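Values in this document were obtained by computation on a predicted structure and should not be read as measured data. Nothing fancy with the numbering, it's 1 onward along the sequence. As the structure lists them, so they are numbered: ligands from 1, and atoms in each ligand from 1.
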Amino acid sequence: MIKKVAILANGGDVSGFNAVIRAIVKTAENNGVECYGFIDGYNGLLKNEYEKLSTANDEHASGILPKGGSIIGSSTNANVFNYKTIENGEVVYKDLSDVCVENIKKDGFDCLFTLGGDGTQKSARDFSLKGINVIGVPKTIDNDVACTEITFGYNTAVSVATEALDRLHTTGETHHRIMVLEVMGRYAGWIALESAIAGGADIALIPEIPYDINKAVEKINSRKAKGKRFSIVVVAEGALPKGGTITVANTRNNGAGVDNTKLGGIGQIVAKQLEELTGLEARNTTLGYMQRGGTPTAFDRVLSTKYGAKAMELALEGKFGVLTVIKDGRLNYVSLEDVVGNNKTIGAVSGNTAESNIRKVNMDHDLVKTARDIGICLGD
Ligand code: F6P
């Protein structure tokens, strides 16, 4: 019988974090289980900083369903299996996971819920190998967590990008311009592809299909020939030209095994090239963190609630070392071992590295077929 559980939110924030937290807390309360939240992801677990989460009497987890961000914070720099510390002015990496294990055991948490993307779930798997009862919930606007058809936060990001495209449409049409929208997604093109379809874009460049800029030029010229003097282009931040490389805005030094590469800048490059090659004016808009902030869509509220409730249900059934997923459109769960894929080494590797087991856009996915059917140019 579980009596006391803890939640942590880790990685870049998304709309829906709070909806998951609320659903876990509510399901826990309905089953007589006490709930706590570690502050700022794995950093809070390491420092043993946590607070009580309850929906009673307007307490912390009440009224949070539509609220963006995370009431218990989140961290993008915490690989506790290879943690960056400074000793005598020198950077020293340490495996501090046993401190976390001790914290969980000492305060009697029967289960830890890890809300996060591939890096977070990699650490979750590593904690489960150390004997901790862990249940993961797949988060990220990028929609690239392995083994699930959708992550919470993704739908809201697509909606924000779609609204941006609607707005770029009217200004582009008015001034006869090429309007480029750079969206997030890291090494996966889900946001770009789905928002391109939802927002009626003419061209979508995604990391999975290295592009030939001349194909985009042909598309714009064929529109021009039909009297359409504007075009809408969605560019994923991880898009790259054939034979070229990804555009990196900067790199951080948050330590080995965490996401240190900040992508960005490809939208501006594409806009400049298209302007030169078509003779039409082009403008780039980089959507950035708009995609992660603010209230979740109805879809994300429901998905997050389903994921949170399922996670707590699994805990009550004693099914640990798993991730809640959507499989064939239904709520389900898989082993965290399947989620990490071939990235079996304990500790050293976290998210956003060559070893990460992420889910990219697959060439026979419906979104790719639909985009091609209606004539969206994918740069190939
Ligand atoms: O993984 C989510 C994400 O928003 C990516 O789409 C983006 O590349 C990255 O995080 C930005 O990370 P940060 O918050 O560290 O700037």
Side-chain angles (χ1 to χ4, degrees), residues 9-17 20 40-43 68-70 73-79 84 114-123 136-146 148 150-162 164 181-196 204-208 234-240 245-268 285-294 296 300 304 339 349-361:
N10 202 65
D13 71 330
V14 301
S15 303
F17 256 150
V20 177
D40 295 342
Y42 285 119
N43 275 324
S70 157
S74 187
S75 167
T76 55
N77 67 350
N79 179 2
K84 186 181 171 187
T114 54
L115 283 42
D118 59 296
T120 303
Q121 305 311 342
K122 172 65 174 56
S123 292
V137 183
K139 167 239 66 162
T140 170
I141 64 164
D142 304 338
N143 202 30
D144 63 354
V145 175
T148 186
I150 191 154
T151 54
F152 70 90
Y154 168 66
N155 181 265
T156 305
V158 170
S159 298
V160 171
T162 303
L181 181 69
E182 180 184 306
V183 296
M184 284 184 167
R186 248 173 34 181
Y187 304 110
W190 297 107
I191 300 175
L193 188 55
E194 191 150 356
S195 67
L205 305 180
I206 61 172
E208 293 85 348
V234 186
V235 180
E237 63 181 355
L240 69 164
T245 50
I246 281 182
T247 306
V248 174
N250 53 57
T251 46
R252 298 180 289 213
N253 190 15
N254 279 343
V258 295
D259 183 348
N260 280 315
T261 311
K262 176 80 195 92
L263 303 183
I266 189 65
Q268 188 57 45
T285 301
T286 300
L287 198 51
Y289 297 88
M290 298 286 291
Q291 294 157 97
R292 292 189 353 197
D300 260 333
S304 302
V339 179
V349 176
S350 178
N352 203 15
T353 64
E355 291 86 346
S356 303
N357 185 37
I358 64 166
R359 175 177 163 266
K360 294 191 176 204
V361 174

How far apart are the closest heavy atoms of [X] and [Y], and which atoms are they?
X      : Y      : value
Ile246 : Leu240 : N-CB, 4.0 Å
Ile141 : Tyr154 : O-CD1, 3.2 Å
Ala164 : Leu181 : CB-CD2, 4.1 Å

Nearest non-hydrogen protein atom, [atom]:
atom                    : answer
atom 8 (O) of ligand 1  : Glu237 OE2, 2.5 Å
atom 15 (O) of ligand 1 : Arg252 NH1, 2.8 Å
atom 16 (O) of ligand 1 : Tyr289 OH, 2.4 Å
atom 12 (O) of ligand 1 : Arg292 NH1, 3.5 Å

Which of the atoms in ligand 1, numbered in the order shown and given with their element, are less than 4.0 Å from a heavy-atom of Gly185? 6 (O)
Find all atoms of ligand 1 within a distance of less than 4.0 Å from any non-hydrogen atom belonging to Lys262, and give their numbers and elements. 16 (O)
Run down the list Asp144, Asp142, Asn250 and name the one with the heavy atom closest to atom 5 (C) of ligand 1. Asp142
Would you mind telling me if ligand 1 is within reach of the side chain of Leu263, the backbone, both or neither, using heavy atoms under 4.0 Å? neither
Please report the interatomic distance CD(Gln121) to CG(Asn357), rounded to the nearest 0.5 Å.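 Between atom CD of Gln121 and atom CG of Asn357 there are 12.0 Å.
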Between Ser15 and Asp300, does any side-chain donor sit less than 3.5 Å from a side-chain acceptor? no
Could you check whether any side-chain heavy atom of Asp144 comes within less than 4.5 Å of a side-chain heavy atom of Tyr187, counting everything from C-beta outward? no
